[in-house]
Amino acid sequence: MKQKILLAILATTLTLSGCKDSFFDININQNAPTNPLVTPQHLLPMVLKQTATRMGTQYSWTASWCGYYGRGADYGQSIPLENYNITATFQQGQWANSTTSWYDVLNDAELMIKKGEESGQPFFIGAGKIIRAIGFMYLVDMYNNVPYSDALKGEGSVAPAYDKGEDIYKGLLAELEEARVIFKANPEISEATAKSDVLFAGDLTQWRKLANTQSLKLLIHQSEFVTNPSDEIAKITADGSGFIEAGETAMLSLLFSNNINQVNPVYNTYVADQSGILMDGFNRVSHYLMNRYKDNDDIRYQYLFLPAQNPKNPSDRWIGSYFGSPTIAGLQSGNQSIVVGTGILSDGTQPLWFFTSMESLFLQAEAIQRGWLPGNAKSVYESAVKDSFNWLGIPTADTEADNLLANSASWDNASNKLELIINQKYLALPSINNFEAWVDYRRLGYPSDIPLTQNQSAQGRKIPLRLVYPQNEYSYNQDNVQAQGDIDPQTSKIFWDVN
């Protein structure tokens with residue numbers, strides 16, 4: 001570790017937490033981590049920030065595949081993104097070797113757990129287990145079998161064995177139960193610990209709600225594989241704290257600013273830097289998605305996305321693009337809508353979300369509709385839709401949501417209630433949780449009309465079902481990765497993808 005970074009971590013207050021990822025990355029070598037002076041209180045803000053950054057900034061490719069994004073007109077075709085011919089180098093940074101890759105984040109979470117054990121502070125063990133449940137879920141949902149039980153051991157296991165995806169999910173559900181028990185059994189935390197908790201400020205009930213909601217998310221993801229998870233539901237119910245509810249979005253209290261390396265990372269990725277210079281001309285709202293809102297008088301698009309800077313038609317400022325389309329002469333990215341609008345982030349100083357209340361409500365609505373949870377599925381579904389409008393800060397949120405629910409989003413008029421829930425979840429989460437759309441599409445096939453790429457070199461390929469293991473695994477963990485068999489993203493499925 002660079003000494004100046006360590007000293008900065010030890011001396012800084014949480015108001016400086018919007019700094020660049022290299023500031024937060026406490027390891028030079030993930031196999032020989034950190035300085036003994038680093039405490040779990042130092043690690044928690046960094047781990048939370050990097051987890052939220054990863055979820056919020058790294059899944060534009062899934063947004064492209066699932067109908068959220070198209071390509072900005074300033075750019076030519078992007079292969080293999082647009083022809084689905086996925087190789088071992090595509091998105092290999094999802095795995096490791098950057099400050100926000102999942103195994104790097106998980107290594108830091110593992111270190112926090114060990115520091116919590118050594119110092120007798122179980123809160124950090126519980127928090128670390130929740131981070132593990134999130135990170136490993138993403139890895140399984142991208143790759144299926146991955147290193148889990150043999151992972152994160154540093155030099156003790158430089159070529160870790162792979163676990164089956166379904167076994168990892170079982171392990172994650174067990175870890176979340178352990179986290180709930182830890183929080184319940186250890187209700188007292190120090191002032192310093194509460195201050196380091198930039199997510200819930202030491203509110204253990206909210207941490208338990210997060211654990212419950214993450215558990216439900218794992219169960220929903222594997223809903224077609226494990227159709228009756230009554231034992232796991234009973235554990236969640238027994239905890240007694242419930243789920244993240246309307247208006248309870250888990251937000252990081254880290255302060256961002258319009259200074260270099262301190263801008264909200266989602267804003268800096270998709271909109272502009274501290275000087276207002278646009279950072280992303282490649283991703284633009286898709287024509288398909290834009291029309292889903294416009295055709296149903298759904299005003300959310302005006303808050304989810306920014307209008308085109310230079311619209312061809314000044315009276316129509318929200319303009320979509322086509323994924324994989326040929327270059328159109330005279331058309332520019334500035335003529336198309338930016339993917340993060342003022343309802344998501346009004347500027348680069350706004351806080352970063354961790355788990356939104358609307359996503360939690362849609363998960364609950366699906367679980368009730370499946371008969372897993374008690375309650376009224378219609379009521380929770382409608383609460384989820386309304387929460388989406390309110391989350392975006394739409395002044396007439398309740399009126400607009402009621403109008404939608406009385407028409408295109410009507411529960412009573414829907415013949416397939418599950419499809420209705422997923423379709424409205426899809427419309428609530430673009431640029432907020434792009435990854436979830438790819439999960440839902442693979443497990444259920446909704447929305448059923450997501451357009452395929454227009455790229456002519458796709459040659460009949462469909463939306464990929466998974467990623468190929470990264471090239472470094474084939475180079476440095478050859479025996480274990482080759483034991484997973486031949487991987488074809490067009491036919492090799494995640495364990496829960498049984499349809």
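One side chain, Arg300 or Ser388, offers a donor N or O that lies under 3.5 Å from an acceptor on the other. Between the side chains of Gln336 and His287, not a single donor N or O lies within less than 3.5 Å of an accepting N or O. For the residue pair Glu473/Gln478, the side-chain donor-acceptor check at 3.5 Å is not satisfied. Side-chain contact check for Asp273 and Asn268: no donor-acceptor pair (N or O, by modelled atom type) lies under 3.5 Å. For the residue pair Glu224 and Trp496, no side-chain donor N or O sits within less than 3.5 Å of a side-chain acceptor on the partner. For the residue pair Asn107 / Asp104, no side-chain donor-acceptor distance below 3.5 Å is found, with atom types taken as modelled. Side-chain contact check for Asn455 and Thr453: no donor-acceptor pair (N or O, by modelled atom type) lies under 3.5 Å. A donor and an acceptor atom, one from each side chain of Arg54 and Gln94, are located under 3.5 Å apart.
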**Message:** Checking Thr269 against Asp280 for the side chain to side chain donor-acceptor pair (under 3.5 Å) test, could you report, in this order, the C-alpha distance in whole Å, the side-chain angles of both residues, the deciding distance, and whether it holds?
**Reply:** CA-CA 7 Å; Thr269 298; Asp280 179 19; over 6 Å; no
**Request:** Quick one: do Gln121 and Gln41 satisfy side chain to side chain donor-acceptor pair (under 3.5 Å)? Show the steps, please.
**Result:** CA-CA 10 Å; Gln121 299 180 85; Gln41 284 86 355; 2.6 Å; yes
**Prompt:** Given the rule in the side chain to side chain donor-acceptor pair (under 3.5 Å) test, do Gln77 and Arg71 qualify, once you have shown the distances and angles that lead to the verdict?
**Reply:** CA-CA 8 Å; Gln77 65 177 354; Arg71 176 181 7 104; over 6 Å; no
**Request:** Starting from the C-alpha separation in whole Å, work towards a yes-or-no answer on salt bridge (charged side-chain N to carboxylate O under 4.0 Å, His left out) for Arg292 and Asp449.
**Result:** CA-CA 11 Å; Arg292 287 289 299 264; Asp449 62 345; 3.7 Å; yes
**Item:** Audit row: Tyr69, Asn434, side chain to side chain donor-acceptor pair (under 3.5 Å) steps and yes/no
**Value:** CA-CA 10 Å; Tyr69 296 175; Asn434 292 327; 3.2 Å; yes
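For the pair Arg466 and Tyr469, the cation-pi test (distance below 6.0 Å, angle within 45°) is passed.
Judged by distance alone, the side chain of Ser157 and the main-chain N or O of Asp150 form a donor-acceptor pair under 3.5 Å. A donor-acceptor contact shorter than 3.5 Å links the side chain of Lys493 to the backbone of Asn499. Checking side-chain atoms of Thr249 against main-chain N and O of Ser357 turns up a donor-acceptor pair under 3.5 Å. Looking only at distances, a side-chain donor or acceptor of Ser431 sits under 3.5 Å from a matching main-chain atom of Val339. Side-chain atoms of Trp372 do not come within 3.5 Å of backbone N or O of Gln369 as any donor-acceptor pair. A donor-acceptor contact shorter than 3.5 Å is absent between the side chain of Trp438 and the backbone of Asp141. Between the Arg208 side chain and the Val181 main chain, no donor and acceptor come within less than 3.5 Å of each other. No donor-acceptor pair closer than 3.5 Å links the side chain of Asn212 to the backbone N or O of Phe243. Judged by distance alone, with hydrogens and angles left aside, the side-chain atoms of Ser333 form a donor-acceptor pair with the main-chain N or O of Asp74 at under 3.5 Å.
Phe200 is linked by a ring-ring contact (aromatic ring centres under 6.0 Å, His included) to Trp207, counting only residues two or more places apart in sequence or in another chain. Remark: Tyr138 engages Tyr59, Trp102, Phe435 in a ring-ring contact (aromatic ring centres under 6.0 Å, His included) (not counting sequence neighbours).
The minimum heavy-atom distance linking Met358 with Ala428 is given by the pair CE-O, 3.8 Å. The heavy-atom pair separating Pro147 from Asp163 by the smallest distance is C-OD1, 4.1 Å. The minimum heavy-atom distance linking Pro470 with Gln92 is given by the pair CB-CB, 3.6 Å. The two atoms that bring Leu363 and Glu436 nearest to each other are CD2-OE2, 4.2 Å, heavy atoms only. Here the closest heavy-atom approach between residue Leu352 and residue Ala52 is recorded as CD2-CB, 3.5 Å. Taking all atoms of both residues into account, the shortest heavy-atom contact from Leu216 to Ala367 is CD1-CB, 3.8 Å.
Atom CD of residue Glu366 and atom OG of residue Ser223 lie 5.0 Å apart, to the nearest 0.5 angstrom. Rounded to the nearest 0.5 angstrom, Phe355 CZ and Lys217 NZ are separated by 4.5 Å. For the atom pair CG of Leu139 and CG of Asn144, the computed distance is 11.5 Å after rounding to the nearest 0.5 Å.
No salt bridge links Lys235 with Glu178; every basic N to acidic carboxylate O contact stays at or beyond 4.0 Å. Using a 4.0 Å cut-off between charged nitrogen and carboxylate oxygen, Lys425 and Glu359 do not count as a salt-bridge pair. At a threshold of 4.0 Å, the pair Glu117-Lys114 does not count as salt-bridged, since none of the basic side-chain nitrogens sits closer than that to a carboxylate oxygen.
Between Trp65 and Phe90, the ring center distance clears the sub-6.0 Å criterion.
With a 6.0 Å radius and a threshold of 12 heavy atoms from other residues, nucleotides or ligands, Tyr476 has its OH atom at or below the threshold. The number of heavy-atom neighbours closer than 6.0 Å to CG of Asp486, taken from other residues, nucleotides and ligands shown, is 12 or below. In this structure, Lys417 places its NZ atom where more than 12 heavy-atom neighbours from other residues, nucleotides or ligands lie under 6.0 Å away. Gln456 CD: 12 or fewer foreign heavy atoms inside a 6.0 Å radius. Remark: Phe282 CZ is packed, more than 12 non-hydrogen atoms of other residues, nucleotides or ligands lying under 6.0 Å away.
Side-chain atoms of Leu111 and Val47, non-hydrogen and from C-beta on, never get closer than 4.5 Å to each other.
Taking the six-membered ring where the residue is Trp, Trp353 and Trp391 present perpendicular rings, their angle passing 60° and hence far from 30°. Using the six-membered ring where Trp is involved, Trp95 and Tyr103 have ring planes that are tilted, between 30° and 60° apart. Classification of the Tyr68-Tyr426 ring pair by plane angle, with boundaries at 30° and 60°, yields tilted.
Of the residues Glu232, Glu175, Arg180, the one that meets the side chain to side chain contact (heavy atoms under 4.5 Å, CB included) test with Ser215 is Arg180. Here the options are Ile244, Leu429, Asp387, Leu361, the test is side chain to side chain contact (heavy atoms under 4.5 Å, CB included), and the partner is Thr356; only Leu429 passes.
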